[in-house]
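Start at 1 and go down the list; that is how both ligands and their atoms are numbered. Keep in mind it's a predicted model, so treat the numbers as computed, not measured. Numbers here are sequence positions counted from 1.
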Amino acid sequence: MRLFITGGAGFIGSNFIRHILSEHRGHHIVNFDKLTYAGNLENLSDLADDSNYSFVKGDICDRSAVDDAITGADAVINFAAESHVDRSIERATEFITTNVSGTQTLLDAARAARVSRFLQISTDEVMGSCAEGEYFTEDSPLCPNSPYAASKTAAEHFVRAAHVTFGLDVVTTRASNNYGPFQFPEKLIPLMISNALEDKKLPVYGDGLNTRDWLYVEDCCRAIDLVLHKGESGTVYNIGSRAEKTNLDVVRTLLDLVGKPHSLITFVTDRLGHDRRYATDPTRIETEFGWSPRETFESGIAKTVSWYRENSSWVERARSGDYREYYERMYGNR
Ligand code: NAD
Ligand code: DAU
């Protein structure tokens, strides 16, 4: 099978490429990535000599570049996105361009190239904040609250429309919060681990009681693999690990693992429109494919802390340049 993977130099995409190449030796991968601030070829440096893997630098909004690179692909897996909620609150333009227009460009190119399957990597955030005691299923109403979530919701609608209007074979995943190796240190877990290792303050938004369902990235990649190979066309699949934690619980666990005092926690001004709780019901993927997460939060977070400890130079390089300005803008006067 020939896979055209977009955004494969980012966090989940790079873990997915490594997963596919180790689990499906007959598969060939073209990784098509613009290399934004979040894309890092270092995430895939161990695959440079793999004859089943090649990289093309390109933008999913550039139809002719996509047409050139997609030729011969059996399936498209669209990870490419602007993915950070705080950045979307600062400025939404790139989120609309890449997440919405870019997805439509890919759908058009996939149809023209007669690709057999289009897998859209969406997010549980399209359903918005979930009331205490309830769980969102794949049929819950879409109610995105941040510009990021709104752009991912719009993309889902265009994917669905391509299925209904043109009969394109599409499947969509909605994963909960991923964590693990190679996550850019603007997101909660890598940011807090990196700060703790350097004895910096840990900026917790609001009261710290917002909850997220934490999913180890390798478990997410196994689920995406199953949806790619076994998913029913036109269907959405939630991916969640039933591991809800408050942000405060997460941060305290990280500090204990790193061996630093809880006094490093500092409460800062809340995120605008901050979703209180994400909680999806993964019953469909559990019952249809027998998927369940292999990592508990405790085992996954211990692995993640070890990885960040052992890869401080990766973090240092990711945090250089533009990231320093971003950090100052986001947290300087908060
Ligand atoms: P990331 O920000 O780490 O990586 C995004 C990648 O997309 C980068 O390599 C970047 O260079 C590339 N990219 C951005 N714009 C592009 C463009 N115009 N053309 C080509 N490449 C472009 O993101 P991530 O956390 O790995 O998320 C991957 C996907 O999974 C996203 O679609 C995101 O919405 C979705 N998702 C993420 C999570 C999570 O917890 N991280 C959970 C659910 C869904
Ligand atoms: O649910 C899936 C989504 O998870 C993905 O679609 C997004 O791409 C991904 O970024 C993530 O979104 P969140 O907004 O939930 O993740 P983030 O790591 O930014 O924040 C997690 C929680 O931690 C959230 O409640 C905000 C809080 N937070 C975050 C940061 C960066 C803090 O308290 N302090 C921080 O410095």
- List for me each residue that meets side-chain hydrogen bond (donor to acceptor under 3.5 Å, both in side chains) alongside N52, sequence neighbours excluded, and say none if there are none. H28

Side-chain donor-acceptor pair under 3.5 Å between [X] and [Y], yes or no?
X: E295; Y: S299; answer: yes
X: E90; Y: Y326; answer: no
X: Y205; Y: D86; answer: yes

- Task: Keeping the roles fixed (side chain from R117, backbone from I77), state whether a donor-acceptor pair exists under 3.5 Å.
- Result: no

- Task: Could you pull out all residues at least two apart from F11 that satisfy ring pair (Phe, Tyr, Trp, His ring centres under 6.0 Å)?
- Result: none

- So, for Y179 and Y308, is the gap between ring centers shorter than 6.0 Å?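 No.
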
- Would you say the ring centroid of Y237 lies under 6.0 angstrom from that of F289? yes

Polar pairs, ligand 2 vs protein, N/O only, below 3.5 Å.
from     : atom 1 : to   : atom 2 : distance (Å)
ligand 2 : 1 (O)  : D124 : OD1    : 2.5
ligand 2 : 1 (O)  : N177 : OD1    : 2.8
ligand 2 : 4 (O)  : E125 : OE2    : 3.4
ligand 2 : 4 (O)  : N177 : OD1    : 3.4
ligand 2 : 4 (O)  : N177 : ND2    : 3.1
ligand 2 : 6 (O)  : T123 : OG1    : 2.7
ligand 2 : 6 (O)  : Y148 : OH     : 2.6
ligand 2 : 8 (O)  : S83  : O      : 2.8
ligand 2 : 8 (O)  : Y148 : OH     : 3.0
ligand 2 : 10 (O) : S83  : O      : 3.2
ligand 2 : 12 (O) : E125 : OE2    : 2.7
ligand 2 : 14 (O) : R271 : NH1    : 2.6
ligand 2 : 15 (O) : N177 : ND2    : 2.9
ligand 2 : 15 (O) : R212 : NE     : 2.8
ligand 2 : 16 (O) : N177 : ND2    : 3.4
ligand 2 : 18 (O) : L188 : N      : 2.8
ligand 2 : 19 (O) : R271 : NH2    : 2.9
ligand 2 : 23 (O) : N247 : ND2    : 3.3
ligand 2 : 25 (O) : R212 : NH2    : 3.2
ligand 2 : 25 (O) : N247 : ND2    : 2.9
ligand 2 : 25 (O) : H274 : NE2    : 2.6
ligand 2 : 33 (O) : Y205 : N      : 2.8
ligand 2 : 34 (N) : P203 : O      : 2.8
ligand 2 : 36 (O) : P203 : O      : 3.4
ligand 2 : 36 (O) : Y331 : OH     : 2.6

- Message: How about CG on N333, more than 12 heavy atoms from neighbouring residues, nucleotides or ligands closer than 6.0 Å, or not?
- Response: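 No - once you tally the heavy atoms of other residues, nucleotides and ligands closer than 6.0 Å, there are 12 at most.
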
- For ligand 1, what are the residues with a heavy-atom contact below 4.0 Å? G7, A9, G10, F11, I12, D33, K34, L35, T36, A38, G39, G58, D59, I60, F79, A80, A81, S83, T98, I121, S122, T123, Y148, K152, A175, S176, N177, N178, K187

